[in-house]
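Below is one structure, written out as structure tokens, with a few remarks after it.
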Amino acid sequence: MSSTKLFKLINKSTISKVNFRFLSGLAKVSSDQESLVVNYDNKIDHFPLVWLRDNCRCNTCFHGPSQSRIINWNEFDVNVKVRSLQAKDENQKVEINWSDNHKSIYSFDWLKSRSFSKEDQEFYLKNLYIPQKKLWSNQQFLDVMKVYEYEDIMTKDEKFYNWLMDLSTYGVVLLKNAPKDAMECKKISKKIAFIKKTHYGEDYHIVAKADTNNVAYLSSPLQLHTDLPYYDYKPGVNMLHCIVQTKNKGGENLLSDGFYVAELLRKENKEAFDLLSQTEVNWSDIGEEDGVRFYKIHRAPVISLDKYGNVSSIRHSIPQRDSHFTVNLSNVKPWYRALKVFITKLYESAAEFKTEPGDILAFDNTRLVHGRIGYEDTTNIKRFLVGYFVDWDEIYCKMRVLKTQLGL
Ligand code: OGA
Ligand code: ZN
Ligand code: ZN
């Protein structure tokens with residue numbers, strides 16, 4: 001049967017006018033033949049026919065064990081129409097007979113959880129995709145930095161989930177009483193997923209060394225920065241595990257919410273915000289680690305925006321900003337002026353915090369900038385932190401798994 005004939009057949013039938021009353025809902029095909037309209041008790045949802053056909057759950061179209069679509073798109077008809085509808089499984093499901101001679105069954109529960117309504121889509125995006133971030137300035141720091149016990153997050157899934165949730169929401173979270181063992185990073189990262197490896201290896205030891213390939217390994221102050229801005233796939237989260245802390249003055253960490261400050265800048269100095277979000281900067285790291293040479297360059301603005309104009313990533317590092325600056329001459333001085341304004345505001349919003357041995361300070365490297373107050377080691381006490389990274393892909397993945405398991 002040709003498709004033209006089929007189309008006529010559908011039009012001749014009264015499908016578009018027939019409503020099907022099911023216990024869980026009322027389904028009908030819209031009169032424009034483009035969507036299935038489901039009327040639940042107090043809500044109406046439209047499901048485009050092309051989307052329904054694409055998401056058929058039968059074995060030919062969907063591979064259950066891998067939860068993957070396998071429908072043959074070479075034969076897919078984007079103008080597919082409904083021939084008939086009927087209730088199934090004690091009216092919990094709707095069966096659709098399609099114009100391409102295929103048959104699909106959808107449960108109302110499955111449809112409802114994939115609603116196209118704006119509120120439902122927003123709920124899905126914030127509840128399952130990525131939780132909404134809450135921005136902060138230093139005045140709120142002590143409230144936003146939640147404190148967890150190491151033992152709790154290692155043994156109680158709900159605490160583990162909440163710890164990750166707070167990290168995602170506020171961009172910073174503190175763990176107390178972790179073993180003072182440099183190998184601990186393997187355990188906690190394995191609990192989430194795995195460490196993000198860089199050219200410095202998996203974990204790196206922050207101790208003052210005379211001969212160093214990175215300024216972080218001096219005991220001098222570290223100005224506010226994000227780590228590894230020269231990576232396109234910049235590591236998502238920094239973990240700083242304090243094994244030995246200096247008893248002298250100094251060694252505190254500075255933390256400032258780059259997203260908060262970027263929004264402040266957008267409000268107070270749009271010109272500076274535009275310059276920092278539109279000018280690509282060359283970030284680099286050149287050197288050698290364990291006999292292997294590295295030469296990293298990545299170009300990206302200080303403030304990266306997503307396609308909706310939301311701030312999506314901050315890059316800032318005085319040491320790792322390359323001397324090559326491939327911009328128009330006329331942009332150079334205005335850009336520097338804008339950077340100065342941004343950095344001043346980052347410091348104005350920065351909180352200072354000194355970790356203790358057994359603390360693991362985790363923070364969002366795409367969002368926060370961090371620094372360190374300079375310190376002096378003594379002969380007996382040498383400050384020693386173990387640093388490592390875990391990616392947001394893995395953290396969000398773990399959060400969704402936990403959320404599903406815990407029924408949250
Ligand atoms: C670093 C760093 C912080 C510290 O190594 O990049 O930020 O407290 N270290 O030493
Ligand atoms: Zn199918
Ligand atoms: Zn750092």
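Numbering of ligands and ligand atoms starts at 1, following listing order. Any value given below was found using the heavy atoms of this structure, including those in side chains, with hydrogens, waters and symmetry copies removed.
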>> Please report, to 10°, the angle around the Zn ion (ligand 2) from atom SG (Cys58) across to atom NE2 (His102).
In response: 100°

> Please state the angle at the Zn ion (ligand 2) spanned by SG of Cys56 and SG of Cys61: what is it, rounded to 10 degrees?
Replying inline: 120°

> Can you say whether the rings of Tyr204 and Tyr217 are parallel (under 30°), tilted (30 to 60°) or perpendicular (over 60°)?
Replying inline: tilted

>> Minimum heavy-atom separation for His370 and Asn238, please, with both atom names.
In response: CE1-ND2, 3.5 Å

> If you take all heavy atoms of Ser115 and Ser117, which pair is closest and at what distance?
Replying inline: OG-N, 3.0 Å

> Mind checking whether Arg372 has an N or O less than 3.5 Å away from an N or O of ligand 1?
Replying inline: yes

When you measure from [atom] to every protein heavy atom, which one gives the shortest distance, and what is it?
{"atom": "atom 3 (C) of ligand 1", "result": "Asn253 ND2, 3.7 Å"}
{"atom": "atom 2 (C) of ligand 1", "result": "Leu222 CD1, 3.4 Å"}
{"atom": "atom 5 (O) of ligand 1", "result": "Ala216 CB, 3.2 Å"}
{"atom": "atom 6 (O) of ligand 1", "result": "Asp227 OD1, 3.1 Å"}

Can you tell me how far apart [atom1] ([X]) and [atom2] ([Y]) are? Round to the nearest 0.5 Å.
{"X": "Asp54", "Y": "Cys56", "atom1": "CG", "atom2": "SG", "answer": "10.0 Å"}
{"X": "Asn253", "Y": "Ile373", "atom1": "CG", "atom2": "CD1", "answer": "9.0 Å"}
{"X": "Glu149", "Y": "Lys156", "atom1": "CD", "atom2": "NZ", "answer": "9.5 Å"}
{"X": "Cys242", "Y": "Arg383", "atom1": "SG", "atom2": "CZ", "answer": "7.0 Å"}

> Stepwise, does the side-chain hydrogen bond (donor to acceptor under 3.5 Å, both in side chains) test hold for Ser277 with Arg266?
Replying inline: CA-CA 10 Å; Ser277 56; Arg266 188 185 336 232; over 6 Å; no

For [X], the ligand 1 atoms whose distance to one of its heavy atoms is below 4.0 Å:
{"X": "Ile206", "result": "5 (O), 9 (N), 10 (O)"}
{"X": "Arg383", "result": "4 (C), 8 (O), 10 (O)"}
{"X": "Leu385", "result": "4 (C), 8 (O)"}

> What N, O or S atom of Asp227 is found closest to the Zn ion (ligand 3)?
Replying inline: OD1

>> Only to 10 degrees, please: what angle do the NE2 atom of His225 and the NE2 atom of His370 make about the Zn ion (ligand 3)?
In response: 90°

